[in-house]
Chemist: 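Let me begin by handing over the structure; questions about it come next.
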Amino acid sequence: MSTLSDWITEVALELGIEELGELVDPAVVEPLVLDMTRDVAHGVARPAAPISAYLLGLAVGRAAGAGPGERELAEGFAERLAARARGDLSP
């Protein structure tokens, strides 16, 4: 792959989720997931970062169509995980 953006686009096609628009737009996905996983990796443990990204995807998929737009939902979930990892949120 030449860039992370290309990789995101290719993975979305491979997984058949390219129609999700903003949720698979590299301009949205890169900062959302990378910022959250950085905070989790530094605040909890490195192995917690990819697991948290996976769980974020499950939560967004499960809640899709249940209220706010999926992008806002993903951003909210990601920020809550990052805040918890930084110690800004108590359990």
Side-chain angles (χ1 to χ4, degrees):
M1 272 315 102
S2 60
T3 66
L4 183 54
S5 177
D6 293 338
W7 174 250
I8 293 167
T9 300
E10 185 172 318
V11 169
L13 287 168
E14 181 68 28
L15 297 176
I17 58 172
E18 71 279 1
E19 75 280 353
L20 294 178
E22 284 190 315
L23 283 181
V24 295
D25 178 354
V28 173
V29 172
E30 279 186 52
L32 177 74
V33 176
L34 292 179
D35 290 348
M36 185 271 298
T37 55
R38 177 200 61 226
D39 289 340
V40 171
H42 292 281
V44 180
R46 289 178 73 175
I51 293 168
S52 297
Y54 172 75
L55 294 173
L56 172 65
L58 288 176
V60 171
R62 183 176 186 198
E70 283 82 1
R71 177 178 176 177
E72 292 79 12
L73 187 68
E75 290 170 345
F77 283 157
E79 181 50 39
R80 284 176 47 205
L81 289 174
R84 183 172 305 281
R86 291 189 306 265
D88 297 342
L89 280 178
S90 57

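Everything quoted here is computed from the prediction, not taken from an experiment.
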Chemist: When rounded to the nearest 0.5 angstrom, what is the spacing between CD in Glu14 and CH2 in Trp7?
Modeler: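 Reported value, rounded in 0.5 Å steps: 8.5 Å.
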Chemist: Considering all heavy atoms of both residues, which atom of Ala82 and which atom of Asp39 are nearest to each other, and what is their separation?
Modeler: CB-OD2, 3.3 Å
Chemist: Would you say Ile51 and Leu58 are hydrophobically clustered, going by side-chain heavy atoms of ILVMFWY under 4.5 Å?
Modeler: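 In one cluster: yes.
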Chemist: Which atom names give the shortest non-hydrogen contact between Leu32 and Ala78, and what distance separates them?
Modeler: CD1-CB, 3.5 Å
Chemist: Run the numbers on Leu4 and Leu34 for side chain to side chain contact (heavy atoms under 4.5 Å, CB included), then give the verdict.
Modeler: CA-CA 11 Å; Leu4 183 54; Leu34 292 179; 3.9 Å; yes
Chemist: Of all the heavy-atom pairs spanning Leu81 and Ser52, show the shortest one and how long it is.
Modeler: CD1-O, 4.1 Å
Chemist: Between Leu20 and Val28, is there a shared hydrophobic cluster once you connect ILVMFWY residues whose side-chain heavy atoms come closer than 4.5 Å?
Modeler: no
Chemist: Taking all non-hydrogen atoms of both residues into account, name the closest pair between Ile8 and Val24 and its distance.
Modeler: CG2-O, 3.6 Å
Chemist: When rounded to the nearest 0.5 angstrom, what distance separates CZ in Arg84 from CE in Met36?
Modeler: 13.0 Å
Chemist: Once rounded to the nearest 0.5 Å, what's the spacing between atom CD of Glu75 and atom CG of Leu56?
Modeler: 10.5 Å
Chemist: What is the distance from atom CD of Glu79 to atom CG of Asp88, rounded to the nearest 0.5 Å?
Modeler: 8.0 Å
Chemist: Can you name the nearest heavy-atom pair linking Ala53 to Val33, along with the distance?
Modeler: CB-CG1, 4.2 Å
Chemist: Counting only heavy atoms not in Glu19, do more than 12 sit closer than 6.0 Å to its CD atom?
Modeler: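 It does: Glu19 CD has more than 12 such atoms within range.
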Chemist: Provide the closest heavy-atom pair for Pro26 versus Pro31 in the form atom of the first, atom of the second, distance.
Modeler: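 Looking at all heavy atoms of both residues, the shortest contact is O-CD, 4.0 Å.
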Chemist: If you round to the nearest 0.5 Å, how far is CG of Leu15 from CD of Glu10?
Modeler: 10.5 Å
